[in-house]
Amino acid sequence: MRFDVVSLFPEMVMNAAGYGVTGKAIENGLVDLAVWNPRDFTHDRHKTVDDRPYGGGPGMVMKYQPLLDVVDAAKLHAHSVRRRVICLSPQGKLISQQLLQEASTSEQLILIAGRYEGIDERFIAEVCDEEWSLGDYVISGGELAALIVVDAVTRLIPGVLGDEESAKQDSHYDGLLDCPHYTRPEQSDLGNVPGVLMGGNHAAIKHWRMKQSLGRTWLRRPDLLEKIQLTAEQQALLSEFKTEVDKLGCGNE
Ligand code: 4GX
């Protein structure tokens, strides 16, 4: 996988991606990351990347010419077939694990991180394949959104996560929230670790974790349950969870 991020703040993207899982994946050559600054693709003395909006109003709009040239350069650099140009903006499609899963089969993702009030619409309409959004809130630039895409997609590339930490174990992989996790000490002022996790009965632990995942999803994100088809076993575990909540007023034992 090759990521090409287009940003007026290349160091912000490069630095943040250098940590942890993404940093290791880049180091090991499992993903390539390049950041392109549209300012390097301007032709005027002042390296102008923005201009006043037609029709008036506050703020500035990113000019399309430097962006167009920067995307052409990123395309030439990789000449891949399975390539997508994605603009990050609040007007976009909501980013989900499923959307990222599909994107992870691409060879090259060109991510446009805009600043200011936005980008000349002609660039978005004619050059970008898709527009993606983090959610219904506004941040100051597309860099953090692009970094989230780079991070979440990198986790899905085979070989990036070890077998142990495989993306299959992540919350949202199967459309459910994650189960609770515990580590030492076994007993503390904050409470005790659920007994089943201490017993070494792997089948019982697996069932408990699935029941917790189902239960938490039912309690916190019932909208997610409506999107998936539960197996008969999962339905039984969720019923058990609901009965326990009724009896104990909580779903934790
Ligand atoms: N999910 N922003 C982008 C500038 C902009 C506006 C329109 C292109 C078109 C955001 C989000 C987000 C703020 C980043 C506006 N660029 N990005 N920026 N929510 O709020 O992705």
Side-chain angles (χ1 to χ4, degrees), residues 1 3 20-22 25 31 82 84 86-106 109 111 129-137 144-183 193-197 199 201-253:
M1 169 68 75
F3 298 102
V21 169
T22 48
V31 308
R82 287 202 314 282
R84 298 211 248 176
I86 295 156
C87 179
L88 289 310
S89 101
Q91 280 70 243
K93 184 193 272 187
L94 275 188
I95 294 171
S96 65
Q97 194 66 30
Q98 194 198 324
L99 190 70
L100 297 165
Q101 199 97 48
E102 286 161 20
S104 71
T105 63
S106 304
L109 294 178
L111 302 168
D129 300 308
E130 283 165 68
E131 221 174 330
W132 288 4
S133 170
L134 289 181
D136 298 334
Y137 47 87
L144 289 171
L147 279 162
I148 283 171
V149 172
V150 168
D151 186 301
V153 171
T154 296
R155 302 174 62 77
L156 299 171
I157 310 285
V160 166
L161 297 183
D163 239 13
E164 284 272 287
E165 35 173 21
S166 151
K168 291 197 174 101
Q169 307 206 15
D170 281 350
S171 46
H172 289 293
Y173 176 82
D174 49 11
L176 295 172
L177 299 184
D178 205 358
C179 64
H181 302 280
Y182 299 89
T183 187
V193 175
V196 61
L197 299 177
N201 180 341
H202 296 294
I205 291 169
K206 193 166 154 255
H207 279 118
W208 181 87
R209 287 182 168 154
M210 178 50 73
K211 194 201 284 189
Q212 293 299 316
S213 278
L214 291 160
R216 290 176 135 193
T217 309
W218 172 66
L219 286 172
R220 302 180 188 188
R221 294 293 305 278
D223 58 304
L224 295 180
L225 281 184
E226 279 163 35
K227 293 189 204 161
I228 56 171
Q229 182 70 47
L230 298 184
T231 65
E233 190 186 17
Q234 286 177 321
Q235 285 175 33
L237 287 169
L238 180 55
S239 298
E240 278 180 37
F241 183 94
K242 291 179 181 175
T243 316
E244 286 161 23
V245 172
D246 280 345
K247 261 202 320 241
L248 302 162
C250 80
N252 264 333
E253 291 307 317

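Just so it is clear, the structure is predicted and the values come from calculations on it, not from any experiment.
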Which atom pair, heavy atoms only, marks the closest approach of Gln234 to Leu214? O-CD1, 3.3 Å
So does Leu177 get a backbone contact from the side chain of Thr217, meaning a donor-acceptor N/O pair under 3.5 Å? yes
Residues Leu224 and His172: closest non-hydrogen pair is CD1-CE1, 3.8 Å
Acceptor/donor pairs from residues 97-104 side chains to any protein atom, 3.5 angstrom cut, sequence neighbours excluded:
from, atom 1, to, atom 2, distance (Å)
Gln98, NE2, Glu102, OE2, 3.0
Ser104, OG, Gln101, O, 2.6

Interatomic distance, CG@Leu219 vs NZ@Lys242, rounded to 0.5 Å, equals 9.5 Å
Tell me if a side-chain donor or acceptor on Arg82 pairs with a main-chain N or O of Thr105 at a distance below 3.5 Å. yes
Dump the intermediate steps for side chain to side chain contact (heavy atoms under 4.5 Å, CB included) on Met210 and Glu233, then the final yes or no. CA-CA 10 Å; Met210 178 50 73; Glu233 190 186 17; over 6 Å; no
Determine whether Thr183 and Val193 satisfy the following criterion, side chain to side chain contact (heavy atoms under 4.5 Å, CB included), listing intermediate values before the conclusion. CA-CA 8 Å; Thr183 187; Val193 175; over 6 Å; no
Check this for me: His202, atom NE2, are more than 12 non-hydrogen atoms of other residues, nucleotides or ligands nearer than 6.0 Å? no
Do Leu197 and Arg209 come within less than 4.5 Å of each other through their side chains, counting heavy atoms only? yes
Intermediate values then yes/no, side chain to side chain contact (heavy atoms under 4.5 Å, CB included), Ile228 and Asp174: CA-CA 9 Å; Ile228 56 171; Asp174 49 11; over 6 Å; no
Determine the minimum heavy-atom distance between Ala145 and Leu88, stating which atoms define it. CB-CG, 3.7 Å
Is the side chain of Gln235 donor-acceptor paired with the backbone N or O of Leu230 at a distance under 3.5 Å, no angle test? yes
Aromatic ring pairing Trp218/Phe241, orientation class (parallel under 30°, perpendicular over 60°, tilted between): perpendicular
To the nearest 0.5 Å, atom OG1 of Thr22 lies from atom CD1 of Ile157 at 12.0 Å
Distance check, rounded to the nearest 0.5 Å: Trp132 atom CH2 versus Ile95 atom CD1? 6.5 Å
Give me the atom names and distance for the closest heavy-atom approach of Ser89 to Ser133. O-CB, 3.0 Å
Which atoms form the tightest heavy-atom contact between Leu111 and Ala146, and what is the distance? CD1-O, 3.8 Å
Pairwise distance CG(Leu144) to CG(Leu134) - rounded to 0.5 angstrom: 8.0 Å
Residue pair Asp129 / Ile86, side-chain heavy-atom distance below 4.5 Å: no
Report the residues that fulfil salt bridge (Lys or Arg N to Asp or Glu O under 4.0 Å) with Asp223, sequence neighbours left out, ordered by chain and then residue number. Arg221
Using the rule given for side chain to side chain contact (heavy atoms under 4.5 Å, CB included), can you reason through His207 versus Leu237, listing the C-alpha separation, both sets of side-chain angles and the distance that settles it, and then say yes or no? CA-CA 8 Å; His207 279 118; Leu237 287 169; 4.1 Å; yes
Of all heavy-atom pairs between Ser106 and Arg84, which one has the smallest distance, and what is that distance? OG-NE, 3.7 Å
Main-chain N/O of Leu161 paired with Arg155 side-chain donor or acceptor, under 3.5 Å: no
